[in-house]
Amino acid sequence: MLISRSRFPCILSIGQNILTHYPRCYSTTASNKQSTAAKAFEGKEDEEIWFGLEQEFTLFNLDQRTPLGWPKNGVPNRPQGPYYCSAGPENSFGRAVVDAMYRACLFAGIEVSGTNGEVMPGQQEYQVGPCVGIDAADQLYMSRYILQRVCEEFQVYCTLHPKPIVEGDWNGAGMHTNVSTKTMREAGGISEIKKAIYKLAAKHQEHIAVYGEGNELRLTGKFETASIDQFSFGVANRGASVRIGRDTEAEGCGYFEDRRPSSNADPYLVTGKIMATIMEDVEVPEVAALNRAEA
């Protein structure tokens with residue numbers, strides 16, 4: 001029996017309407033990823049785990065071939081670089097879509113904490129969280145629906161494919177996942193962060209298996225990614241599988257960022273898998289951090 005536990009106010013149509021999210025239910029069928037994730041969080045409320053999910057996506061014209069800001073049947077006359085967190089009509093493409101999306105999300109009670117233009121022209125990002133436990137996945141799923149509805153209004157095509165442009169030197173799209181437990185946020189929490197990272201390293205391929213489709217096209221070791229075949233971590237290193245921020249290193253506590261999930265990853269699978277892995281009471285080998293010069 002499906003029982004909705006997620007209800008969001010809706011600004012997308014006239015009247016007092018509610019967006020209802022049904023995947024969270026009592027059914028334990030294999031297709032119910034929400035139920036699977038719920039088991040990973042069950043009984044661990046004292047951990048107060050926070051997730052911050054960075055949802056990247058790419059906007060296309062309705063031909064589904066030409067990203068916003070690209071010439072038809074061509075490529076931009078400038079390489080990527082000036083488009084990231086940019087301003088100006090020659091750099092930023094799709095801001096109106098993102099602004100409308102985040103306003104609709106805020107009205108719905110979704111904890112959107114930021115937006116930015118991404119590295120490839122036509123690519124955008126918004127962040128959901130930090131949210132506690134499974135609520136992060138609930139909110140991200142609904143935000144994706146709202147994004148699609150907003151794209152209808154602007155008559156643009158949105159894809160979550162992790163590598164929509166495979167030819168040329170262009171970044172892919174991910175769903176970087178920021179993670180922090182109560183212990184990690186307390187003094188000395190950096191040691192807990194590293195223990196969690198070592199556990200993630202030991203199950204690298206298990207995580208890759210649930211981190212989205214087409215991710216092998218994105219995780220090449222280039223364009224701010226690590227290789228899909230090898231786990232790595234480092235401080236302030238965008239080329240690592242998992243990144244520790246400079247502030248976290250300096251303060252000795254905080255969070256870590258798993259940069260492996262693709263933009264089309266199921267947030268229930270991602271957050272549930274991370275929770276299950278880092279909560280295991282197991283001994284695993286330590287992993288050497290990437291040289292800071294490689295950051």
Side-chain angles (χ1 to χ4, degrees), residues 51-59 67 75-76 79-86 114-128 140 158-179 193 196-246 248-249 255-267 269-271 273-274 277 287-295:
F51 289 100
L53 305 177
E54 305 175 25
Q55 178 66 70
E56 296 177 346
F57 57 95
T58 309
L59 298 174
V75 297
Q80 60 183 22
Y83 314 106
Y84 181 60
C85 297
S86 63
T115 67
N116 61 272
E118 263 302 328
V119 178
M120 188 183 85
Q123 231 175 33
Q124 296 284 340
E125 177 187 305
Y126 63 94
Q127 302 89 37
V128 171
L140 190 84
C158 174
T159 179
L160 300 183
H161 193 284
K163 194 71 173 180
I165 303 295
V166 295
E167 296 181 0
D169 296 332
W170 306 105
N171 274 32
M175 188 187 74
H176 300 157
T177 301
N178 301 277
V179 185
I193 290 172
I197 291 173
Y198 302 153
K199 292 176 184 178
L200 292 172
K203 292 195 170 185
H204 175 60
Q205 290 304 329
E206 288 187 23
H207 281 256
I208 290 297
V210 298
Y211 274 10
E213 298 180 1
N215 218 8
E216 71 281 357
L217 299 173
R218 168 179 163 262
L219 296 181
T220 62
K222 300 178 180 179
F223 309 117
E224 300 182 325
T225 72
S227 168
I228 196 170
D229 298 316
Q230 185 175 359
F231 182 90
S232 59
F233 88 95
V235 175
N237 193 328
R238 292 176 182 265
S241 305
V242 172
R243 178 170 66 162
I244 296 175
R246 292 194 189 279
T248 294
E249 182 192 43
Y255 69 99
F256 67 86
E257 175 193 29
D258 191 339
R259 297 177 58 81
R260 296 172 294 172
S262 72
S263 48
N264 62 10
D266 186 320
L269 291 179
V270 172
T271 58
K273 184 64 174 176
I274 291 174
T277 295
V287 179
L290 292 179
N291 190 300
R292 188 182 292 274
E294 297 172 329

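In this chain, numbering begins with 1 at the start of the sequence shown.
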Q) Is a side-chain N or O of Asp258 found less than 3.5 angstrom from the main chain of Val179, in a donor-acceptor match? A)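 No; judged by distance alone, with no hydrogens or angles, the pair does not exist.
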Q: Please check if the side chain of Gln127 supplies one atom and the backbone of Asn116 the other of a donor-acceptor pair under 3.5 Å.
A: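 Between the backbone of Asn116 and the side chain of Gln127 there is no qualifying donor-acceptor contact (under 3.5 Å).
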Q) Can you tell me how far the CG atom of Leu59 sits from the CD atom of Glu118, to the nearest 0.5 Å? A)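 The CD atom of Glu118 is 12.0 Å from CG of Leu59, to the nearest 0.5 Å.
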Q | Residues forming a side chain to side chain contact (heavy atoms under 4.5 Å, CB included) with Ala265, sequence neighbours excluded | A |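 Per chain and number, Ala265 pairs via side chain to side chain contact (heavy atoms under 4.5 Å, CB included) with Met175, Pro261, Ser262, Val270.
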Q.
Run the side chain to side chain contact (heavy atoms under 4.5 Å, CB included) test against Ala202 and tell me which residues pass, sequence neighbours left out.
A.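 Here the qualifying residues are Val284.
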Go through the structure and list residues passing side-chain hydrogen bond (donor to acceptor under 3.5 Å, both in side chains) with [X], not counting sequence neighbours.
| X | value |
| --- | --- |
| Tyr126 | Ser143 |
| His207 | Tyr211, Thr277 |
| Arg243 | Glu257 |
| Glu224 | Asn171 |

Q) Is Ile274 close to Phe51 at the side-chain level, that is, under 4.5 Å between some pair of heavy atoms? A)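 Heavy-atom side-chain distance check passes, below 4.5 Å.
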Q) With a 4.5 Å heavy-atom cut-off, do Pro162 and Leu217 have their side chains touching? A)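 The answer is no; the side chains never approach within 4.5 Å.
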Q: Assess whether atom CD of Glu213 is packed by more than 12 heavy atoms of other residues, nucleotides or ligands within 6.0 Å.
A: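 Atom CD in Glu213 is not packed in, count stays at 12 or less.
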Q | Step-by-step side-chain hydrogen bond (donor to acceptor under 3.5 Å, both in side chains) determination, Glu54 to Asn178 | A | CA-CA 8 Å; Glu54 305 175 25; Asn178 301 277; 2.9 Å; yes
